[in-house]
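These numbers were taken from a predicted model, which means no experiment stands behind them.
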Amino acid sequence: MENVKMAQTATPALGTKRKKFRIRKASKKQFSKRFTRSRAGNVFYFSFLTLAGIFCLLPLIYSIVTSFKPLDEIMIFPPKFFVKRPTIANYIALPELLSGLEVSIDRYIFNSIFVGIVATFLFVAISSVAAFSLSKGKYSGRDFMFKIIQYALLFNSYTLALPQYIILTKLHVVDTYWAYILPHMASTMGIFLMKQYMDGYVSETFIEAGKIDGASYLRIFWTIVIPIIRPAMLTLTLFGFQAVWAYLPGTTVYTETVKTLPMITAQVTSAGVARTGSSMALTVLMMIPPIVIYLATQSGVTETMSSAGIKE
């Protein structure tokens with residue numbers, strides 16, 4: 001009898017809890033509906049994003065398609081987007097076309113890979129260390145230095161061309177590999193992005209914990225900060241390699257043994273419309289390394305972009 005009475009008294013309480021749970025669930029459902037789109041809105045939203053993505057890929061697709069076009073289809077006006085009679089003649093003609101260069105193509109490939117790896121590594125390393133100093137350092141003038149970096153973002157490459165040439169001349173590094181590397185080492189964009197990421201994700205408590213354990217700033221940066229900012233470093237690796245790989249130093253490199261692949265592409269393109277197919281084929285081959293770097297750093301880039309603007 002006592003068990004029956006206990007069950008009868010527990011039943012209303014259980015029913016009350018279930019009723020509150022249903023009310024809470026219904027309120028959450030209504031709340032979520034207010035801040036989500038309808039099914040038609042979702043279809044329109046994703047359709048728009050898909051079309052925008054395809055539109056952004058059109059230059060890449062057109063370059064690949066044009067590299068397989070024969071000369072008669074390239075000369076058609078108005079030009080056709082797709083190819084009717086695809087051929088690999090433009091790729092086959094590249095070795096013969098590049099065999100007449102003063103320096104072998106292997107040298108240009110080596111120059112591009114060497115400059116790309118060294119410049120990207122120094123760009124990411126210097127940007128990370130400088131951003132750590134500006135974000136977590138305690139010294140006078142820190143905010144003023146960061147303001148200068150922010151204002152430096154306003155200047156484009158054409159404005160910086162003359163000052164960079166004067167600096168490279170004073171350093172006696174014109175016509176060397178440093179003419180490619182030094183301008184990218186001092187990129188303010190990398191410092192700005194990395195500093196903003198550290199402000200949001202590297203907590204001061206981590207730094208204080210490292211100090212209590214007796215670690216130096218270098219040790220704290222190496223063991224604590226780098227694992228946290230790894231996504232941002234991968235993003236800078238992509239941006240840095242892409243910029244260096246397609247960089248044309250202009251009037252700072254003259255010797256053929258120091259030139260990179262973008263200069264050879266410019267020489268092939270300058271031959272006229274007859275070399276359009278070969279220049280497109282060479283352009284497609286040059287797009288392969290940045291695409292590989294993007295695939296290798298995609299997870300970090302996605303995480304960095306999705307967390308943009310989020311603060312602790």
If every non-hydrogen atom of D199 is compared with every non-hydrogen atom of S135, which pair is closest and at what distance? OD1-OG, 2.6 Å
Any donor-acceptor pair under 3.5 Å from W245 side chain to M286 backbone: yes
With a 4.5 Å cut-off on side-chain heavy atoms, are F221 and S128 touching? yes
Specify the closest pair of heavy atoms between I220 and G210, including all atoms of both residues, with the distance to one decimal. CD1-C, 3.9 Å
Is the shortest side-chain heavy-atom distance between T87 and F68 below 4.5 Å? no
Of all heavy-atom pairs linking G137 and R142, the shortest is O-NH1, 2.7 Å
Is the ring pair Y177/F110 parallel, tilted or perpendicular, if the boundaries are 30 and 60 degrees? perpendicular
Does the pair M233 and M194 meet the rule for a side chain to side chain contact (heavy atoms under 4.5 Å, CB included), with working shown? CA-CA 8 Å; M233 294 180 71; M194 189 64 75; 3.8 Å; yes
Side chain S63, main chain P59, donor-acceptor under 3.5 Å: yes
Test item: Y197 and L193 side chains (from C-beta on) under 4.5 Å apart, heavy atoms: no
Hey, does S112 have a side-chain heavy atom less than 4.5 Å from the side chain of P262? yes
Starting at CD1 of I167, measure out to CG of L162 and round the result to the nearest 0.5 Å. 10.0 Å
Donor-acceptor side-chain pairing of Y108 and T260 below 3.5 angstrom: no
Steps toward side chain to side chain contact (heavy atoms under 4.5 Å, CB included) verdict (F241, F123): CA-CA 9 Å; F241 184 83; F123 164 66; over 6 Å; no
Between T252 and A179, what is the shortest heavy-atom contact and its length? OG1-CB, 3.9 Å
Is the shortest heavy-atom distance from the side chain of Y294 to the side chain of Q242 under 4.5 Å? no
For the residue pair T255 / T257, report whether a side-chain donor-acceptor contact shorter than 3.5 Å exists. no
Of all heavy-atom pairs between S127 and S187, which one has the smallest distance, and what is that distance? OG-O, 4.3 Å
Between Y180 and N111, do the side chains contain a donor N or O and an acceptor N or O under 3.5 Å apart? no
For a quick check under 3.5 Å, do S133 and Y139 share a side-chain donor-acceptor pair by atom type? yes
Quick one: closest heavy-atom pair of T237 and T120, and the distance? O-CG2, 3.6 Å
Could you check L182 against W178 for side chain to side chain contact (heavy atoms under 4.5 Å, CB included), going step by step and ending with a plain yes or no? CA-CA 6 Å; L182 286 179; W178 289 109; 3.9 Å; yes
Kindly assign one of parallel, tilted or perpendicular to the pair F146 and F192, based on the angle between their ring planes and the thresholds 30° and 60°. parallel
For residues K259 and Y254, is any side-chain donor paired with an opposing acceptor at under 3.5 Å? no
If we check side-chain contact (heavy atoms from CB on, under 4.5 Å) with M198, which of these qualifies: I228, V225, L134? V225
State, yes or no, whether a side-chain contact exists between I207 and V202 at a heavy-atom distance under 4.5 Å. yes
Please lay out, stage by stage, how I64 and L60 fare under the test side chain to side chain contact (heavy atoms under 4.5 Å, CB included). CA-CA 6 Å; I64 297 174; L60 175 62; 4.2 Å; yes
Can you check whether F44 reaches S47 side chain to side chain, under 4.5 Å on heavy atoms? no
Salt bridge check: are K147 and D143 linked by an N-O gap of less than 4.0 Å? no
Quick one: do the S67 and N90 side chains pair a donor with an acceptor below 3.5 Å? no
